[in-house]
**Student:** 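Here's a structure for you.
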Number of protein chains: 2
Amino acid sequence: MNKPTLASLAAELNVSRQTISNVINFPDRVRPETRARVQEAIERSGYRPSAAARALRNQRANALGLRLSNPRNGISGSIMDAFTHSLVERADQSGYRIVLFPARTNEEEVDKLVELRRTLAIDACILTDTWLDDARPAQLAEASVPFAAFGRPWGAKDHGRWADVDGRAGAAEAAAHLRALGHERIGYLGWSDGSPVGKDRRVGWAQALCLSGDQEAELAVEVEDTVDDGAAGMAELLSRGATAVVCASDTLSLGAFTVIRRRGGSRQCIIGFDNTPVARELGLSSMAQPVDEVAATVLDMVLAQIADPAVELEGVLIAPALVARQGSALTG
Amino acid sequence: MNKPTLASLAAELNVSRQTISNVINFPDRVRPETRARVQEAIERSGYRPSAAARALRNQRANALGLRLSNPRNGISGSIMDAFTHSLVERADQSGYRIVLFPARTNEEEVDKLVELRRTLAIDACILTDTWLDDARPAQLAEASVPFAAFGRPWGAKDHGRWADVDGRAGAAEAAAHLRALGHERIGYLGWSDGSPVGKDRRVGWAQALCLSGDQEAELAVEVEDTVDDGAAGMAELLSRGATAVVCASDTLSLGAFTVIRRRGGSRQCIIGFDNTPVARELGLSSMAQPVDEVAATVLDMVLAQIADPAVELEGVLIAPALVARQGSALTG
DNA sequence: GGGCTGAACTTGAACGATCCACGGGGGTTC
DNA sequence: GAACCCCCGTGGATCGTTCAAGTTCAGCCC
C-alpha cells in the first residue's frame with residue numbers, strides 16, 4: 001500500500017535502481033526482455049518517479065512561473081485568460097507545469113520570480129503586459145532567470161525573447177475591410193492612456209488609409225477604455241462625418257455600438273479588437289488576437305533557453321485575424 | 001557566485017547546518033546572538049532554502065493543484081477568474097503555490113491530480129464546477145488526495161469539503177429588491193440546461209414571492225445562456241405581463257436589457273447574476289458572488305486536511321450580495 | 001590464450017534540507 | 001560533589017532520483 005520507489009521496485013524485481021531509471025529515461029539502454037519485465041512491474045504497481053527528488057537531483061523543476069495579472073480592465077480581460085489556457089495546455093504537452101503567483105507591482109513580480117527560481121520551484125517564466133521601458137527583462141536577465149514575454153520591449157533595449165500581436169497590421173486590415181465595404185470616412189476610436197499598443201494600432205489605421213496628418217487628427221478620437229467613453233467618442237466621430245470606425249478594444253466598440261444602434265445604423269460599420277465573448281454575443285466584428293500562436297512561441301523560447309542558456313533569440317510579430325460578423329436576427 | 005546552500009553557509013559561519021535550519025524554522029531554539037549572526041549572513045548571501053530538497057525531505061510540496069477550467073460559457077467566465085485570483089493570493093499568504101494543469105474531462109482531471117499527488121508535485125487540490133452526481137470527490141477520497149470544492153456535491157453523498165454560493169438566497173434577495181421597488185409581476189429568466197444551480201436560483205425567486213405553482217410556471221422562462229435567447233425570453237415575459245425580471249446570469253440580463261431598452265424601459269427592472277464586467281460597464285444591477293470568501297473557505301479546508309488527513313469538515317453556504325446600479329447618463 | 005571491446009547491469013555518491021540521537025557546558029538539586 | 005536536566009549545538013542518516021565510475025561477461029582478433 002506504500003508508495004513504490006525505485007529502490008523498492010528494484011528489490012522486488014532483483015534488478016538495480018539504475019536499470020529501472022534507464023527503462024524510464026533511456027529505454028534503449030536496456031535489453032528488451034528486461035525492459036518488458038520492468039515496464040510490467042511499473043504498470044502493475046503504479047510507480048511514478050518523484051518530481052521532488054528529480055528536481056533536486058536534476059536541478060530542474062519542470063515548471064514555469066506566471067504572474068496572475070491583476071483583474072483586467074473590464075471586458076478585455078479575456079485575452080489573458082485565453083492566453084493562459086493555451087500556455088497551460090502546450091506546456092503540459094512538453095511536460096511542464098505552470099505555477100501561478102500573485103504580485104501587485106512589477107518589482108514584486110521580479111522578486112518573486114527570482115526567489116522561485118532560486119528555490120528551484122520554477123525553471124523559467126513568462127511575462128505579460130509589457131509596457132514602455134519595462135525593467136523586468138533586464139532584471140531577470142541580470143538574475144539569469146530565463147524568460148519570454150508576451151509583448152514587445154517597447155522602448156527598452158530589444159532582448160529578442162518576445163512574441164507579440166501585430167496591432168498595426170490588425171488595425172490596417174480592419175480599416176481596409178471597412179473601405180472594401182464602401183466606407184470613405186473611417187474613424188479611429190482609441191485610448192487616451194498613451195499606451196504604445198494604442199499608438200501602434202492608430203498608426204496601422206492611418207497608414208492603411210493613407211491619411212494626411214490633418215485627416216488623421218480629424219478622424220481619430222482617443223478616450224478612456226470604458227463603454228460610456230466609447231459611446232461619446234463614437235458620437236463625436238459621427239458628427240465629424242465618419243461612417244465607420246476601427247476601435248482599439250471591444251469595450252469601445254460596444255460603446256460605439258450603443259450609439260450606432262440608437263441611430264438605426266448597421267453594426268457592420270464597427271470593428272473592435274480582441275474578439276471577446278461580448279463581441280461574439282452581440283454579433284460585432286473584431287480582430288482576434290492569435291493568442292495560441294503567441295503562447296506556442298513564448299513557450300518554445302523559454303524551453304530553448306532552458307536547454308541552452310546562451311541561445312540567441314529574435315522577437316516575433318504575429319498578425320491578428322479579422323472575425324467578421326453580421327449580427328443576429330433578434331438583436332440586429 | 002554559486003548558489004549558497006545550508007552546508008556552504010554553515011561552513012562560512014562556523015556553525016552547523018542544523019543551527020541555520022533552526023534559525024529559519026524554529027528561531028527560538030537558537031541563542032539570540034547566534035540567530036542574529038546567522039540571519040545577517042542569510043540576508044547578505046541571499047540564501048533561500050531549496051523547495052525541491054524540502055519537498056523531498058518533508059514529503060510536502062507546498063503546492064495545490066487547480067484545473068484550468070474550459071473556456072467558460074461566454075460572459076460569465078469571469079467568476080472563475082476572480083475566484084482564481086482570490087485563491088492564488090490567499091494561498092500565497094499561507095506559503096502555498098497554485099499549480100495549473102489542463103484537463104478535458106473530469107476523468108482526466110482526477111487522473112492528473114492523483115498523478116501530481118503521487119509525484120509529490122501537489123499536496124491537495126481545489127475542485128470547481130461541481131455537477132449533478134459528480135464522481136470526483138469520491139475518486140479523490142479513494143486515492144486519498146485531500147481536496148475541497150467550490151460547489152456543492154449536488155445529488156452525491158455529502159463529503160463536507162465544499163463551499164458554495166447560496167444562489168437560492170441570492171435570487172430571493174433580487175426578487176425582494178424588485179418588489180420593494182414596486183413591481184408586482186416579477187419574472188424569472190433562467191437556463192434550460194437543467195443545471196442544479198439554475199433550479200436552485202429559480203426556487204429562491206419563487207419562494208421569495210410566495211408564488212403558487214401556476215404563477216411560477218407563468219412567470220418563469222428558461223432558455224439557453226446566450227444574449228439572443230435572453231432577449232427572446234424577456235420579450236416573452238413582457239408579453240405575459242411581467243414588469244421586472246430576475247436573471248440567472250448577466251448574459252441573459254444583457255439580452256433582457258436590449259429588449260427593455262428598445263421599448264424605452266428602465267434598466268432598474270433587471271437584476272442579473274455574477275456581477276460581471278459587462279454588467280458594470282452597462283450599469284446593470286447584478287448579484288455579486290462572494291468568491292473571495294469561498295476561496296478563503298476552501299483554502300482553509302485543504303490546509304486543515306493537509307495538517308490532519310482525518311479531519312471532519314462541513315459544507316458552507318455563502319450568500320451573494322446585491323450590487324444595485326442605475327445606469328449612466330450616456331447609455332441610460 | 002591474452003588482450004581488447006562493448007553491451008548490460010550494478011554500485012557509490014551526489015542533490016540540499018530536516019530528523020534524530022547524542023555531546024559538552026553550565027546550572028540546580030539533594 | 002555526584003546525579004540530573006536544560007540549552008545550544010553537532011554529525012550522521014534520510015528522502016528518491018540520476019550521474020559517473022565501476023563490474024561482469026560474451027565475443028572477437030591476432
Side-chain angles (χ1 to χ4, degrees), chain A residues 2-39 41-42 45-63 95 115-123 306, chain B residues 2-39 41-42 45-63 95 115-123 306:
Chain A
N2 286 334
K3 270 191 205 169
T5 70
L6 271 194
S8 75
L9 258 194
E12 188 184 322
L13 290 175
N14 278 319
V15 295
S16 69
R17 294 161 317 192
Q18 186 64 37
T19 299
I20 302 179
S21 176
N22 282 338
V23 168
I24 295 169
N25 299 306
F26 308 93
D28 41 344
R29 284 193 195 162
V30 179
R31 198 173 12 154
E33 61 191 72
T34 318
R35 192 195 312 158
R37 203 160 60 94
V38 170
Q39 262 159 350
I42 290 177
S45 65
Y47 166 78
R48 297 285 144 199
S50 153
R54 274 195 159 156
L56 177 59
R57 171 69 233 209
N58 295 343
Q59 301 289 73
R60 176 157 308 178
N62 273 263
E115 163 108 11
L116 285 169
R117 167 89 168 125
R118 280 201 97 96
T119 63
L120 217 53
I122 60 170
D123 302 317
I306 291 172
Chain B
N2 286 333
K3 271 193 204 167
T5 69
L6 269 196
S8 74
L9 258 193
E12 186 185 329
L13 290 174
N14 277 320
V15 297
S16 68
R17 293 160 314 184
Q18 183 65 38
T19 301
I20 302 179
S21 177
N22 281 338
V23 168
I24 294 169
N25 298 306
F26 310 92
D28 41 345
R29 282 192 196 164
V30 179
R31 202 173 7 158
E33 61 191 69
T34 317
R35 193 194 311 159
R37 202 161 60 93
V38 171
Q39 262 160 350
I42 290 177
S45 66
Y47 166 76
R48 297 287 144 197
S50 152
R54 272 193 160 158
L56 176 59
R57 173 68 233 207
N58 296 343
Q59 302 288 23
R60 176 157 309 175
N62 273 265
E115 165 107 10
L116 285 169
R117 167 87 168 128
R118 280 201 98 99
T119 63
L120 215 52
I122 62 170
D123 301 316
I306 291 171

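Labels below follow one simple rule: chain letters A, B, ... track the order of the sequence lines, proteins then strands, and each chain is numbered from 1. Hydrogens, waters and symmetry mates play no part in the numbers below; they use all other heavy atoms, side chains included.
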**Student:** Using chain B heavy atoms and a threshold of under 4.0 Å, write down where along DNA chain D the contacts begin and end, 5' to 3'.
**Tutor:** D:dC8 to D:dG16
**Student:** Could you grab the distance from atom CG of B:L56 to atom OG of B:S50, nearest 0.5 Å is fine?
**Tutor:** 9.0 Å
**Student:** Only counting residues at least two apart or in another chain, list the ones meeting side chain to side chain contact (heavy atoms under 4.5 Å, CB included) with B:Q59.
**Tutor:** B:L120
**Student:** Locate the shortest heavy-atom distance separating B:T119 from A:P49; write the atom from each residue and the value.
**Tutor:** CG2-O, 3.4 Å
**Student:** Taking only heavy atoms on the protein side, list every residue of residues 23-35 of chain A lying under 4.0 Å from any atom of DNA chain D, sorted numerically.
**Tutor:** A:N25
**Student:** For residues 48-62 of chain A, which residue pairs qualify under salt bridge (charged side-chain N to carboxylate O under 4.0 Å, His left out), counting only residues two or more places apart or in two chains?
**Tutor:** A:R48-B:E115
**Student:** Report yes if some heavy atom in the side chain of A:R118 is under 4.5 Å from a heavy atom in the side chain of B:P4; otherwise report no.
**Tutor:** yes
**Student:** B:A55 and A:A52: which non-hydrogen atoms are nearest, and at how many Å?
**Tutor:** CB-CB, 3.7 Å
**Student:** Looking only at heavy atoms, what is the nearest atom pair of A:N22 and A:R29, with distance?
**Tutor:** OD1-NH1, 3.8 Å
**Student:** Working to the nearest 0.5 Å, report the span between CD1 of B:I20 and CG of B:L6.
**Tutor:** 5.5 Å
**Student:** How far does the helix from C:dG1-D:dC30 to C:dC30-D:dG1 bend, going by the axes of its first and last five pairs, to the nearest 10°?
**Tutor:** 60°
**Student:** Output all residues satisfying side chain to side chain contact (heavy atoms under 4.5 Å, CB included) with A:T5, sequence neighbours left out; order by chain, then residue number.
**Tutor:** A:A7, A:S8
**Student:** Mind running a 4.0 Å heavy-atom check of residues 7-20 of chain B against DNA chain C and sending the residues that fall below it, in number order?
**Tutor:** B:R17, B:Q18
**Student:** What N/O pairs connect the protein and nucleotides 22-27 of chain C at under 3.5 Å? Give each pair on its own line.
**Tutor:**
none

**Student:** Would you mind reporting whether A:T19 and A:T34 have side-chain heavy atoms less than 4.5 Å apart?
**Tutor:** yes
**Student:** Quick one, which residues of residues 55-62 of chain A touch DNA chain D with a heavy atom under 4.0 Å?
**Tutor:** A:R57, A:N58
**Student:** For residues A:I42 and A:I24, determine if any side-chain heavy atom of one lies less than 4.5 Å from a side-chain heavy atom of the other.
**Tutor:** yes
**Student:** Just jot down the side chain to side chain contact (heavy atoms under 4.5 Å, CB included) partners of B:A61, sequence neighbours excluded, or say none.
**Tutor:** B:A63, B:D123
**Student:** According to the salt bridge (charged side-chain N to carboxylate O under 4.0 Å, His left out) rule, which pairs have a member within residues 10-28 of chain A, sequence neighbours left out?
**Tutor:** A:E12-A:R44
**Student:** What is the minimum heavy-atom distance between B:N62 and B:G95, and which atoms define it?
**Tutor:** OD1-O, 3.3 Å
**Student:** Does A:R31 have any salt bridge (Lys or Arg N to Asp or Glu O under 4.0 Å) partners at least two apart in sequence or in another chain, and if so, which?
**Tutor:** A:E33
